[in-house]
Undergrad: 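What follows is a structure written as structure tokens; I'll ask about it next.
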There are 2 protein chains.
Amino acid sequence: MPPRPHANPLFLRDEELRQGIEMLFYAYRDFTSEPDTILAKYKFGRAHHRVIYFVGRYPGMAVSDLLNILKITKQSLSRVLGQLVREEFISQRQGTRDRRQRLLELTEKGRELERQLTQNQRERIARAYREAGADAVEGFRKVMLGVMSSDGDRDRFERSGPPRR
Amino acid sequence: MPPRPHANPLFLRDEELRQGIEMLFYAYRDFTSEPDTILAKYKFGRAHHRVIYFVGRYPGMAVSDLLNILKITKQSLSRVLGQLVREEFISQRQGTRDRRQRLLELTEKGRELERQLTQNQRERIARAYREAGADAVEGFRKVMLGVMSSDGDRDRFERSGPPRR
DNA sequence: CATATATGTCAACATGACTGACATAACTTC
DNA sequence: GAAGTTATGTCAGTCATGTTGACATATATG
């Protein structure tokens, strides 16, 4: 069912932008689908995945760091994080610099689940990168950075990486 | 809070793939945030947006077409679609080829809301495309197509577009 | 005629967001 | 050292959006 033709001279631009919108939808839908299935076996949802992922990514991060990344309320986070701590996927220790902080880490059990969930998404990205090629990956990165709202998030992706020729 | 260093020789590849995962998360989070705020004024959610968007994109589509795109159950769709029809954002008419079908279209009210919601996302994409440049956009498209699971979805994005030089 | 398809409906449930209010401990500032 | 701010947690209620399962109707197709 292709989109209907259109006489408007702005059509090409509008069509291109709509395709961008839709690509984000389809890609994200498929990107989350298989991890969701794995999570269901543990009676967890996508929110648990995000917490596990970022705690694995930044071991020793504080609760407030996680809130800044996820941009949800602490009450929302509290439910999933509480479950993950009680079921021993995540451990907490008091901060030394600031003893109010609870620093988060994956337990061995948590690392195991993280690997299982993330492997799936890593493979999907790896396949897409491989098929698209290195230049395409660079373009993908540029566009994705542009879609984000904040410089703070963009800064997470600074390229220390290969020198540009 | 940069990721901790790592001695594993696969680090660069793993780091690159993880950045891909995270870019999808941050971009999607920000991509949906402003439309969500607009929708809240109508007491609608993201699911309503998706329905309005795709009905606007493919006027006269059947319910089953929408289910194939959204990949949710008909019961889930029924709730939001029912609201949108009752509140006259979407109209239904019987199919002629197959009279069991209910063909969906936006009403004027629906088109108005669709414009409001989509304009926001179009502008975000337009800005990202403009800043990244044409080659980057082509790379972005390639990678996004690769992330999708099905050829059926990839086919929605066939380039009839500008002849390659 | 028999079967499959397109659609809808009712009910129950889980997840993950939200707001608002309140509490405690620890850090920072005057 | 008192006052204010920050980091975190908790209780309670609400809403949106997904799920499964069962059943119903009209229409199309073999």
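Naming convention: chains lettered A, B, ... in sequence-line order (proteins, then strands); numbering from 1 in each chain. No experiment lies behind these values; they were computed from the predicted model shown.
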Undergrad: Please report, rounded to the nearest Å, how far the P atom of D:dT25 is from the CD atom of B:Q94.
TA: 17 Å

Undergrad: Quick one: B:Q101 CD to D:dA28 P, roughly how many Å, whole number?
TA: 10 Å

Undergrad: Using chain A heavy atoms and a threshold of under 4.0 Å, write down where along DNA chain C the contacts begin and end, 5' to 3'.
TA: C:dT15 to C:dC27

Undergrad: Applying side-chain hydrogen bond (donor to acceptor under 3.5 Å, both in side chains) between A:Q119 and each of A:Q121, A:R122, A:E123, report the one that passes.
TA: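 So the option named by the test is A:E123.
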
Undergrad: Would you mind reading off the distance between B:H49 atom NE2 and D:dG18 atom P, rounded to a whole angstrom?
TA: 14 Å

Undergrad: Using a distance-only test with no angle check, is there a side-chain donor-acceptor pair under 3.5 angstrom linking A:S149 and B:R29?
TA: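 No.
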
Undergrad: Is any N or O donor-acceptor pair between the side chain of A:Q75 and the base of D:dG13 shorter than 3.5 Å?
TA: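 Side chain to base: no pair present.
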
Undergrad: Given side chains that start at C-beta, do those of A:Q83 and A:H48 come closer than 4.5 Å, heavy atoms only?
TA: yes

Undergrad: When you match B:R79 and A:I72 each to their closest nucleotide on DNA chain C, which lands nearer the 5' end?
TA: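 Here B:R79 is the residue nearer the 5' end.
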
Undergrad: For atom CD of A:Q75, is the number of surrounding heavy atoms from other residues, nucleotides or ligands below 6.0 Å larger than 12?
TA: yes

Undergrad: Just how far, in rounded Å, is C1' of D:dT8 from CZ of A:R93?
TA: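 Those two atoms, CZ and C1', are 16 Å apart.
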
Undergrad: Are B:L103 and B:I90 connected in the hydrophobic side-chain network, where two residues link if heavy atoms are under 4.5 Å apart?
TA: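 No.
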
Undergrad: For A:R99 and for B:L67, locate the closest nucleotide of DNA chain C by heavy-atom distance; then report the residue assigned to the nucleotide nearer the 5' terminus.
TA: B:L67

Undergrad: Does any donor atom in the side chain of A:Q116 or A:E112 lie under 3.5 Å from an acceptor atom in the other side chain?
TA: no

Undergrad: Taking NZ from A:K43 and P from D:dT20, how many angstroms apart are they, rounded to a whole number?
TA: 14 Å

Undergrad: At under 4.0 Å, does any side-chain N or O of A:S64 touch on OP1 or OP2 of D:dT6?
TA: no

